[in-house]
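To keep things clear, I will list the structure first and then write my remarks on it.
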Amino acid sequence: MNSVKEDRSTEEIAAIAGAVHWGVPAVSAFASPYEPVRTARPRQCPERVRIIGVGCGDGEFRVLADWNAEEIERRHRALVVPAVGRLLAATDLTPGSDCKGCAALLGCEQPPRVPDLLGVPGPARPRKRRSVSATDLRVYGACPARFHMTRVLYTREARPESPAIRRGRAVDDLLNERHRAAGPRGCRDLPVDVDFPDLEPEEAANARRMLDRHRAVCPLAGLPPGERVLVQPRITAYDAALDVVVIADPDLLHTEHGGWIWRETKALSRGVWEGRPLLETYPQLALAVLLMAAGLPGGGGRARSRVELEVLRGDGVSIEEIDPFDPPTIDQAREVVSSLAKEWAVDETYVPAPGRVCVDCEVARWCPEGPEKGET
């Protein structure tokens, strides 16, 4: 829809090539198996297959494969056959956004059922099952049309990110990489002199200062052996009243003395504004409170479990701790999440809400009420 997809695996590309090489034309009626198309002459396998990735938004294209029959067969044996074997042998349940389209969800033990998680009643008319995250609700709250175009239809205009966003993404990516490989001292023994080739010199220097600040508060430093560490895990719950799969992706989850610690990290140019409640500023913290209060990610000691917000700045670092089992905190979290979800749950038109959000909107050029109205 936008740019050429960069994360197609070698197995996927080889499987596509094999399907084109050996496959036959087929059609399917709604919810029916595919049936081969009857033709007067048998189909002959092509001698060569080329697979091209196309970005319909930016017009770029890339040749992903250009193979003859021998190369397709070799890659099929080496890559596709083992991958299919692993797929057929797998029995683990991996709940996520794909659950919204799964016909077996109602009889499946995953994702965990959390009644009234979003705190709003179901729509008056039946809706197709959906998934939603705190980020989805935040984008919807700013502009329903932007939410629908970018988060549902995955359509957006290629625009350069601001220096602050690129810096924050670079810091997050490096912290995730380091936490996956961290030892008992966490990030304390890892170098700070890191090259950020995609950042301007000033932003790169700021990013290195943030990494230096993080080393002093890395939650993995001194963690006892045997504790679980999950970097950007996917936490999924099911609100049956709304028929909605709720998704959360913590930056870091780890156990500590029988409890779970849910940490979100923000790389900011300045500190958190104190004139607004923390759970309103960062709705993902409110959702984290509700999920942990419901027993996710996996139970554990209530007295030792908490939600943390790590705020990294070039001139310092702060840690905010939130008790997900404190009744007033739970009430505040419910109010934040339900206020964001109540309109989203019943909306079917996604009317634009023009305003300040239009300045950096990725779909403004197609919006009938945006600042670029009338342009082609």
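Under the 4.5 Å side-chain criterion, counting only non-hydrogen atoms from C-beta, Tyr282 is not in contact with Val336. You'll find the side chain of Leu309 reaches within 4.5 Å of the side chain of Leu285, heavy atoms only. Under the 4.5 Å side-chain criterion, counting only non-hydrogen atoms from C-beta, Tyr34 is not in contact with Val27. In this structure the side chain of Trp366 reaches within 4.5 angstrom of the side chain of Thr155, judged on heavy atoms. Annotation: side chain of Pro219 is in contact with side chain of Leu252 (closest heavy-atom distance under 4.5 Å). Taking the side chain as every heavy atom from C-beta outward, Glu200 and Pro163 never approach each other to under 4.5 Å. Counting heavy atoms from C-beta outward, Val132 and Trp344 have side chains that approach closer than 4.5 Å. Side-chain atoms of Pro250 and Pro233, non-hydrogen and from C-beta on, do get closer than 4.5 Å to each other.
Between Arg43 and Pro46, the shortest heavy-atom contact is NH2-CD, 3.8 Å. The two residues Arg129 and Val245 make their nearest non-hydrogen contact at CD-CG2, 4.2 Å. Closest non-hydrogen pair, Gly259 versus Ser305, comes out as CA-OG, 3.5 Å. Contact between Val4 and Phe61 at its shortest, heavy atoms only, is CG2-CA, 4.1 Å. Looking at every heavy atom in both residues, Val80 comes nearest to Ala15 through CG2-N, 3.5 Å. Heavy atoms only, all atoms of each residue included: Pro33 and Ser28 are closest at O-OG, 3.8 Å.
Here Ile51 is tied into one hydrophobic group with Ile13, Ile16, Val20, Trp22, Val49, Leu64, Trp67, Ile72, each link being a pair of ILVMFWY side chains closer than 4.5 Å.
In this structure, Ser133 OG and Arg234 CZ are separated by 8.0 Å, a value rounded to the nearest 0.5 Å. Here Leu199 contributes atom CG and Arg167 contributes atom CZ; the two are 8.5 Å apart, rounded to the nearest 0.5 Å. Taken from CZ in Arg313 to CE in Met210, the straight-line distance is 9.0 Å, to the nearest 0.5 Å. Remark: Trp262 CH2 to Leu296 CG distance equals 7.5 Å, nearest 0.5 Å. Leu137 contributes atom CG, which lies 8.0 Å from atom CG of Leu287 (distance to the nearest 0.5 angstrom). Remark: Arg180 CZ to Leu220 CG distance equals 12.0 Å, nearest 0.5 Å.
Cluster membership check: Leu312 shares its hydrophobic cluster with Val194, using side-chain heavy-atom separations under 4.5 Å among Ile, Leu, Val, Met, Phe, Trp and Tyr. Ile261 and Ile235 are assigned to two separate hydrophobic clusters, defined by single-linkage of ILVMFWY side chains at heavy-atom distances under 4.5 Å. Criterion: ILVMFWY side-chain heavy atoms under 4.5 Å apart, direct or through other members. Under it, Val337 and Val139 are part of a common hydrophobic cluster. Ile247 and Leu340 end up in different hydrophobic clusters when Ile, Leu, Val, Met, Phe, Trp and Tyr side chains are linked at under 4.5 Å. Hydrophobic clustering keeps Leu153 apart from Val351 (ILVMFWY residues linked when any side-chain heavy atoms are closer than 4.5 Å, directly or through intermediates).
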- Task: List the steps, then state whether side-chain contact (heavy atoms from CB on, under 4.5 Å) holds for Tyr238 with Val246.
- Result: CA-CA 6 Å; Tyr238 180 55; Val246 181; over 6 Å; no

- Task: Using the side-chain contact (heavy atoms from CB on, under 4.5 Å) rule, take Met292 and Trp260 through it: C-alpha gap first, then chi angles, then the decisive distance, then the call.
- Result: CA-CA 9 Å; Met292 292 197 79; Trp260 279 98; 3.9 Å; yes

- Would you sort out whether Glu321 and Glu308 count as a side-chain contact (heavy atoms from CB on, under 4.5 Å), showing the intermediate values? CA-CA 5 Å; Glu321 294 187 359; Glu308 296 179 340; 4.0 Å; yes

- Item | Intermediate values then yes/no, salt bridge (Lys or Arg N to Asp or Glu O under 4.0 Å), Asp251 and Arg263 | CA-CA 6 Å; Asp251 289 322; Arg263 177 171 287 203; over 6 Å; no

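Formation of a donor-acceptor pair under 3.5 Å by the Arg166 side chain with backbone atoms of Asp198 is found in this model. Of the possible donor and acceptor atoms, none in the side chain of Arg62 sits under 3.5 Å from a partner among the backbone N and O of Glu6. Panel note: side chain Arg215, backbone Arg188; a donor-acceptor pair is recorded below 3.5 Å. No donor-acceptor pair under 3.5 Å is formed between the side chain of Arg75 and the backbone N or O of Ala14.
A salt bridge links Arg306 with Glu256; the closest basic N to acidic carboxylate O contact falls under 4.0 Å. Electrostatic pairing of Asp360 and Arg146 counts as a salt bridge here, judged by a charged N lying under 4.0 Å from a carboxylate O. A salt bridge does not link Arg74 with Glu70: none of the charged nitrogens is closer than 4.0 Å to a carboxylate oxygen. Salt-bridge formation is detected for the pair Asp66/Arg50: a Lys NZ or Arg NE/NH1/NH2 atom is positioned less than 4.0 Å from an Asp or Glu carboxylate oxygen.
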Side-chain atoms of residues 223-232: list all donor-acceptor pairs with protein atoms under 3.5 Å, sequence neighbours left out, distances to 0.1 Å.
unit_1: Glu227; atom_1: OE1; unit_2: Thr255; atom_2: OG1; d: 2.6
unit_1: Glu227; atom_1: OE2; unit_2: His257; atom_2: N; d: 3.0
unit_1: Gln232; atom_1: OE1; unit_2: Asn176; atom_2: ND2; d: 3.3

For a quick test of your reading: what N or O donor-acceptor pairs under 3.5 Å do the side chains of residues 324-331 make, sequence neighbours left out?
unit_1: Asp326; atom_1: OD2; unit_2: Thr329; atom_2: N; d: 3.2
unit_1: Asp326; atom_1: OD2; unit_2: Thr329; atom_2: OG1; d: 2.7

Side chains of residues 107-120: which donor-acceptor pairs under 3.5 Å do they make with residues two or more places apart or in other chains?
unit_1: Arg113; atom_1: NH1; unit_2: Cys108; atom_2: O; d: 3.1
unit_1: Arg113; atom_1: NH1; unit_2: Gln110; atom_2: O; d: 3.4
unit_1: Arg113; atom_1: NH1; unit_2: Pro111; atom_2: O; d: 2.7
unit_1: Arg113; atom_1: NH2; unit_2: Leu105; atom_2: O; d: 2.6
unit_1: Arg113; atom_1: NH2; unit_2: Cys108; atom_2: O; d: 3.3

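Surrounding CD of Glu335 are at most 12 heavy atoms belonging to other residues, nucleotides or ligands under 6.0 Å away. Within 6.0 Å of the CZ atom in Arg169, the count of heavy atoms belonging to other residues, nucleotides or ligands does not exceed 12. Counted within 6.0 Å of CD on Glu348, heavy atoms from surrounding residues, nucleotides or ligands total more than 12; the atom is thus considered enclosed.
Classification of the Tyr350-Tyr140 ring pair by plane angle, with boundaries at 30° and 60°, yields perpendicular.
Evaluation of the ring-ring contact (aromatic ring centres under 6.0 Å, His included) rule for His21 yields no partner, not counting sequence neighbours. Listed by chain and number, the residues in a ring-ring contact (aromatic ring centres under 6.0 Å, His included) with His179 are His214 (sequence neighbours excluded).
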